[in-house]
K.L.:
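Once you've had a glance at the structure underneath, I'll fire off some questions.
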There are 2 protein chains.
Amino acid sequence: MSLSETWLNQMQSDGSRLTAPRRAVVEILAEADQALDPGEIFERARRQHPAIGLVTVYRTLEKLEALHLIERIHQHEGCHAYLRAAQGHEHVLLCERCGKALRFVGDDLEDLITALEKRTGFLIREHWLQLFGLCPACQA
Amino acid sequence: MSLSETWLNQMQSDGSRLTAPRRAVVEILAEADQALDPGEIFERARRQHPAIGLVTVYRTLEKLEALHLIERIHQHEGCHAYLRAAQGHEHVLLCERCGKALRFVGDDLEDLITALEKRTGFLIREHWLQLFGLCPACQA
DNA sequence: ATCGTTAATGAAAATGAATGTCAATATCAA
DNA sequence: TTGATATTGACATTCATTTTCATTAACGAT
Ligand SMILES: [Mn+2]
Ligand SMILES: [Mn+2]
Ligand SMILES: [Zn+2]
Ligand SMILES: [Zn+2]
């Protein structure tokens, strides 16, 4: 079963109806190797389903995010692009030029966090880590 | 010399004129222990200078950011808050409840980055790291 | 297969943050 | 003091996102 089928099943289990425009958006996001913003998703989705409205893109994003299937990625150029959600404790490495996104594991911040908690008195509950650079194809 | 005086001097050296509304915005940001968005800054600034316009807040933020005196902080609730810029290689620890911001050093990602470069072929040029939690005062 | 409930759709209008325009004003070097 | 010009705030504009709403479509029940 493909990832988009899995997502569609989860949406249906959650009470959502499966519609053509929704399928288009889901497939785009499940397949994407980069974070896409609502405008980009809309552009791509209307190739599959020309009648789709931008509103439906927004609404589908909202649902997918609520199900933790996608998550918002913050970048210099914008903070409204969405990418397949991390599986467990993963972070993301992004190409600054083409946008290609790769997830990785293995950051080791435990010692830093423990030391900071002791020193500052903060209770640290979450962290954001993102790496930026150039993917192999974009290194001229 | 206070931090806001230092900033004002730098702005003047850069060719900016020192005006009352500008002074108000600069003082707020130089003194703040948390990231503030344009609306919050506007609210506070009009106490000092009731005639100030929101546009001037935006324009002052732009100048301060160009001089690398402040930087934008991304959070769940919004991506348009500004905080005094990092001094060298610092990251930020934020209280999720009250917004209190603390800078810290000592993250050690060299090994991770080197390993990822080797494994993925990416050239990694930058990283974002932010820690979130509860400051001492907000841990009820 | 048909029906009926109601979720979902897209057009259109509304919202609201951020930018652009511009005439009046204030800064500051000369 | 003066004059060039940077800055100001009111106002208009842009544009992404949200809201509204009448119509359509999904799908469980029959
Ligand atoms: Mn981590
Ligand atoms: Mn670092
Ligand atoms: Zn952001
Ligand atoms: Zn690339």
K.L.:
In this structure, how many angstroms lie between the C1' atom of D:dT17 and the CG atom of A:D37, rounded?
P.N.:
12 Å
K.L.:
Suppose we screen for salt bridge (charged side-chain N to carboxylate O under 4.0 Å, His left out). Which residues come up paired with A:E31, at least two apart in sequence or across chains?
P.N.:
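Here no residue qualifies.
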K.L.:
Whether A:R97 and A:E77 form a salt bridge (side-chain N of Lys/Arg under 4.0 Å from carboxylate O of Asp/Glu) is what I want to check.
P.N.:
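Salt bridge absent between A:E77 and A:R97.
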K.L.:
In this structure, how many angstroms lie between the C1' atom of C:dT9 and the CD atom of A:Q48, rounded?
P.N.:
18 Å
K.L.:
Given the rule in the ring-ring contact (aromatic ring centres under 6.0 Å, His included) test, do B:H74 and B:H76 qualify, once you have shown the distances and angles that lead to the verdict?
P.N.:
CA-CA 7 Å; B:H74 299 254; B:H76 291 294; over 10 Å; no
K.L.:
Starting at atom OH of B:Y58, determine the distance to atom P of D:dC11, rounded to an integer number of angstrom.
P.N.:
18 Å
K.L.:
Checking side chain to side chain contact (heavy atoms under 4.5 Å, CB included) for the pair B:L131/B:L94: CA distance, chi angles, key distance, verdict?
P.N.:
CA-CA 6 Å; B:L131 308 184; B:L94 299 159; over 6 Å; no
K.L.:
Is the distance from the ring center of B:W128 to that of A:H127 below 6.0 Å?
P.N.:
no
K.L.:
Within the distance-only criterion (no hydrogens, no angle test), does the side chain of B:E90 pair as donor or acceptor with the backbone N or O of B:F104 below 3.5 angstrom?
P.N.:
no
K.L.:
Scan nucleotides 28-30 of chain C against the protein and return all N/O pairs shorter than 3.5 Å with their distances rounded to 0.1 Å.
P.N.:
unit_1: C:dC28; atom_1: OP1; unit_2: B:Q12; atom_2: NE2; d: 3.1
unit_1: C:dC28; atom_1: OP1; unit_2: B:L18; atom_2: N; d: 2.8

K.L.:
Salt bridge between B:R72 and B:E62, side-chain N to carboxylate O under 4.0 Å?
P.N.:
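Looking at B:R72 and B:E62, the cut-off is not met.
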K.L.:
In degrees, rounded to 10°, what is the bend between the two ends of the helix from C:dA1-D:dT30 to C:dA30-D:dT1, using five pairs at each?
P.N.:
40°
K.L.:
Please figure out whether A:V57 or B:P38 has its closest DNA chain C nucleotide nearer the 5' end.
P.N.:
A:V57
K.L.:
To the nearest angstrom, how far is B:D14 atom CG from D:dA6 atom C1'?
P.N.:
13 Å
K.L.:
Select from B:H49 and B:G15 the residue whose nearest nucleotide in DNA chain D is closer to the 5' end of that strand.
P.N.:
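Its nearest nucleotide being more 5', the pick is B:G15.
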K.L.:
Does B:R59 make a side-chain N or O approach to OP1 or OP2 of C:dG20 shorter than 4.0 Å?
P.N.:
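B:R59 to C:dG20 OP1/OP2: no side-chain N or O under 4.0 Å.
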K.L.:
Separation of A:I52 atom CD1 from D:dT24 atom P, in whole Å?
P.N.:
18 Å
K.L.:
What does B:A20 touch in the nucleic acid at a heavy-atom separation under 4.0 angstrom: a base, only the sugar-phosphate, or nothing?
P.N.:
nothing
K.L.:
Closest approach of A:I41 and A:I28, non-hydrogen atoms and distance?
P.N.:
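Here A:I41 and A:I28 meet closest at O-CD1, 3.9 Å.
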K.L.:
When the distance from CZ of B:F42 to C1' of C:dT19 is rounded to whole Å, what number comes out?
P.N.:
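Nearest whole value for this atom pair: 16 Å.
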K.L.:
B:H80 side chain N/O closer than 4.0 Å to the phosphate oxygens (OP1, OP2) of C:dA17?
P.N.:
no
K.L.:
Rounded to the nearest angstrom, tell me the gap between atom NZ in A:K63 and atom C1' in C:dA7.
P.N.:
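Rounded to the whole Å, the gap is 8 Å.
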K.L.:
Tell me the interatomic distance from B:L54, atom CG, to D:dT7, atom P, rounded to whole angstroms.
P.N.:
18 Å
K.L.:
When you get a sec, tell me which of C:dT9, D:dT19, D:dT8 is the closest nucleotide to the side chain of A:V55?
P.N.:
D:dT19
K.L.:
Taking the side chain from A:S16 and the backbone from A:Q12, do they hold a donor-acceptor pair closer than 3.5 Å?
P.N.:
no
